[in-house]
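Order of the sequence lines sets the chain letters (A, B, ...), proteins ahead of strands, with each chain counted from 1.
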Number of protein chains: 4
Amino acid sequence: MARPSVEAERREQILSAACEVVSELGFKSLRVADVAKRAGTSTGTVHYYFDTKTELMRAAFEWNFTRSLERRRPLLDQQPDPRDRLRMFVDSYLPTDDVTVRAWRVWAELWVEALHDRDLQELNDQVYGEWRRIVAGVVRDGQDRGLFRDEDPVLVANGLIGMIDGLALQVLLGSRSMTVQRMREVCERTIRDLELTAV
Amino acid sequence: MARPSVEAERREQILSAACEVVSELGFKSLRVADVAKRAGTSTGTVHYYFDTKTELMRAAFEWNFTRSLERRRPLLDQQPDPRDRLRMFVDSYLPTDDVTVRAWRVWAELWVEALHDRDLQELNDQVYGEWRRIVAGVVRDGQDRGLFRDEDPVLVANGLIGMIDGLALQVLLGSRSMTVQRMREVCERTIRDLELTAV
Amino acid sequence: MARPSVEAERREQILSAACEVVSELGFKSLRVADVAKRAGTSTGTVHYYFDTKTELMRAAFEWNFTRSLERRRPLLDQQPDPRDRLRMFVDSYLPTDDVTVRAWRVWAELWVEALHDRDLQELNDQVYGEWRRIVAGVVRDGQDRGLFRDEDPVLVANGLIGMIDGLALQVLLGSRSMTVQRMREVCERTIRDLELTAV
Amino acid sequence: MARPSVEAERREQILSAACEVVSELGFKSLRVADVAKRAGTSTGTVHYYFDTKTELMRAAFEWNFTRSLERRRPLLDQQPDPRDRLRMFVDSYLPTDDVTVRAWRVWAELWVEALHDRDLQELNDQVYGEWRRIVAGVVRDGQDRGLFRDEDPVLVANGLIGMIDGLALQVLLGSRSMTVQRMREVCERTIRDLELTAV
DNA sequence: GATGAATGAGGTTTCATTCAT
DNA sequence: CATGAATGAAACCTCATTCAT
């Protein structure tokens, strides 16, 4: 008899394990056996849920993104002031805690894998669309309330998101010059730049 | 008779081939045999110059960076006005031509490989130090001449470089929303923001 | 309540499916899951009826033979003239219709599997004994009635059966030179050779 | 530096090993590792010469046929009398010695594999064409010299070859009723049938 | 009786690396 | 200096079989 909940749970177990392993070893070095061990099962079981390693990785990337967004959604809803909302959003992407670092590392692996994989490019594009829409929305909201400078919200969103990606990468790479603290400052400077200082 | 230049030439040939292959297939899929074929030699010869695949890749990454910088140095020296110099520099990183795209792709591969490799992190940090120094220098120069707003040049440089990296990545990924043209606009907006508009 | 007929039916279903799959994919490529799907059940059920794949195949081979013989028995009984009976018998082995082709293909798979399996050799030998007896019987009957030349009926039967096997194989292999039509001619020539032409 | 003879030798070594293993274990059970061990090398080396297992087997089947024909060619040339030539040819196919038995077993594996492989069907057809031509040629020669009955040589050849295949198969299967001795008798009867008994 | 999720042993194939020439 | 044949350690994936439900 089918126990759907069991199957769904097992699937998540494997995807979570896959993300952990990717984050630790990288896509290149990841072996299906590593994921299996981490998930507490066998390679056979992993292949029972995901036909190929490629399919497993695609699902893991998707799962990583979905979880990232789920974690942020409630945060955004709680901030009525667009300035707080923007800061909260940017702040949540600073690679401080383990969960965020792991998500970033998985994301970085996706980027490079996507350079040679049309399907992953599609996934990346969807996700960035979502993010751009969120950030641009916040900016527009702030402008409507007279809190942000009047600039093209899409350009601002693109610039901000790009900056976050690039800086996070350097932080992840353990750069001595680009620490989380520095990253926070750079982002803060950019946001402040956007704000209209009340006279 | 052994001519040292022959060895040096052959080395470059192999490194160039390695970068081409990395750019096309990615680090993960690159085989020593691919590099050998591209360089017009045999795997044996590749291993004659580079003991291991890891060593080969490290050298290739270094070579990729050196060439990148060499290509830009003369450009920078030709622009006396810091505003032009900054624009020129940023412009040269737009992934328009094949050479620049290839360099970016190799660079992206380095990032992700470095996530799990201390030595490559070191290399990355050196290179970013160099870039930060260049950009911050231009900013400082502009400020000294009263052309740029008075902000911490290091913060500005970090923000700009981060943004370029993040945007370039999206362009390389063939994002429908982030094209080279859009990237240029976002960068231009940021630079203009830095400039003091003469009264 | 358990109805024995249900079990028997299910068994036949599985055996029939096994023969179909063997005929299509070959013993080598046959998977228990294929048989299950074809029979409209699960691998679990297949294993409920047959402990191992080997056992399943043995049963399938046996079933294939039994059905072959059952299909022919009534035909033989209807022909009083030994000449007609022989022709009818040979004719029924020409791989024309789908059922006969399928039976032949399963048979061919058995041959090769039996090369490395004593038990299957035993099965093959029983079956050939049966056939030899039938053919030799017809020949003897024909000789008794003065219709066939006086030759050792066993030698004749062996020759004829061997020829049918070898030719059928070539037809099954889609040989351009050995078609069903050609096979029929060769067999006819051999049978005619056996007949005493009335003066 | 390339040593062509070494490569060719190694190739033959592997093909010979492959045929031995196929003959012993069957295509289905053959593992590349078995062939490697038999050839005294590693699986890596086998794959250096043959990209895939399929390719290896195709080459082995071809090699098996070529060798079979080479072994017979000189025998045929030595017999001026068509009757002797036909007997010699048929005799050489009796599965008596190890070499002949091995060749037959490999051949049988080809048949069944070819049932599901268009390329192997092609190979089978070529080979049978060759044999049919040889046998039909001998028959025609015998008829021209007034030694054989006047029947369609192609029909005769097809019948004879089919019979040899079918009988050999039974002998290979260790049939208690069809031994090499019986097979010889059946063939002899058929040949004698073809001869015109001098008055 | 029937199911199908889970297992893990085993096979093919890849590929960095070595070394005799 | 250069080659490329040979190696063998891994890795992915398959699939017969089991067993809890």
Item to check | Distance, rounded to the nearest Å, where F50(D) contributes CZ and dG11(E) contributes P | outcome: 21 Å
Checklist outcome for this item: pair_partner(dG8(E)), Watson-Crick or wobble, both distances < 3.5 Å, evaluates to dC15(F)
Next on the checklist: Under a 3.5 Å cutoff, is there a donor and acceptor pairing between the side chains of Q121(C) and H116(C)?
Outcome noted: no
Checklist entry - What nucleotide among dA6(F), dG10(E), dT14(E) has an atom nearest to a side-chain atom of H47(D)? => result dT14(E)
Next on the checklist: I need the NZ-P distance between K53(A) and dA10(F), as an integer number of Å.
Outcome noted: 15 Å
Checklist entry - Can you name the closest pair of heavy atoms from R38(D) and V21(D) and give their distance? => result CB-CG2, 4.0 Å
Next on the checklist: Nearest whole Å is fine: how far is dG11(E) C1' from F27(D) CZ?
Outcome noted: 14 Å
Item to check | Whole angstrom value for the distance that separates P of dA16(E) from OH of Y48(B) | outcome: 21 Å
Checklist entry - When the distance from NZ of K37(B) to C1' of dT3(F) is rounded to whole Å, what number comes out? => result 16 Å
Checklist entry - Of the nucleotides dT17(F), dG8(E), dG1(E), which one has an atom closest to the side chain of S42(A)? => result dG8(E)
Checklist entry - Does OP1 or OP2 of dG1(E) have a side-chain N or O of Y49(C) closer than 4.0 Å? => result no
Checklist outcome for this item: In short, E109(B) meets L115(A) closest at the heavy-atom pair OE2-CD1, 4.2 Å
Checklist entry - Between T45(C) and A33(B), which has a closest nucleotide on DNA chain E that is more 5'? => result T45(C)
Checklist outcome for this item: Separation of dT17(E) atom C1' from M57(B) atom CE, nearest Å, is 17 Å
Checklist outcome for this item: Of G44(B) and G44(C), the one whose closest nucleotide on DNA chain F sits nearer the 5' end is G44(B)
Checklist entry - Atom CD of E55(A) to atom P of dC13(F): distance rounded to whole Å? => result 10 Å
Checklist entry - OP1 or OP2 of dA6(F) less than 4.0 angstrom from a side-chain nitrogen or oxygen of R10(D), does that happen here? => result yes
Checklist entry - Does the distance from a Lys or Arg side-chain N to an Asp or Glu carboxylate O, for E24(A) and R105(A), drop under 4.0 Å? => result no
Next on the checklist: For a quick check of understanding: with a heavy-atom distance under 4.0 Å over all strands, which category does L56(A) fall into, base, sugar-phosphate or nothing?
Outcome noted: nothing
Next on the checklist: Taking the minimum atom-to-atom distance to the side chain of T43(B), which one of dT17(E), dA2(E), dT17(F) wins?
Outcome noted: dT17(E)
Item to check | Residue whose nearest DNA chain E nucleotide is more 5′ - L30(D) or T41(A) | outcome: T41(A)
Checklist entry - Given atom CZ of R11(A) and atom P of dA6(E), what is their separation to the nearest angstrom? => result 12 Å
Next on the checklist: Under 3.5 Å for both donor-acceptor distances, Watson-Crick or wobble: does dA20(F) have a partner, and if so which one?
Outcome noted: dT3(E)
Checklist entry - Are any of the side-chain nitrogens in R31(C) or D34(C) under 4.0 Å away from the carboxylate oxygens of its partner? => result yes
Next on the checklist: I want to confirm an ordering. Mapping V46(B) and T52(A) to their closest nucleotides on DNA chain F, which one lands closer to the 5' end?
Outcome noted: V46(B)
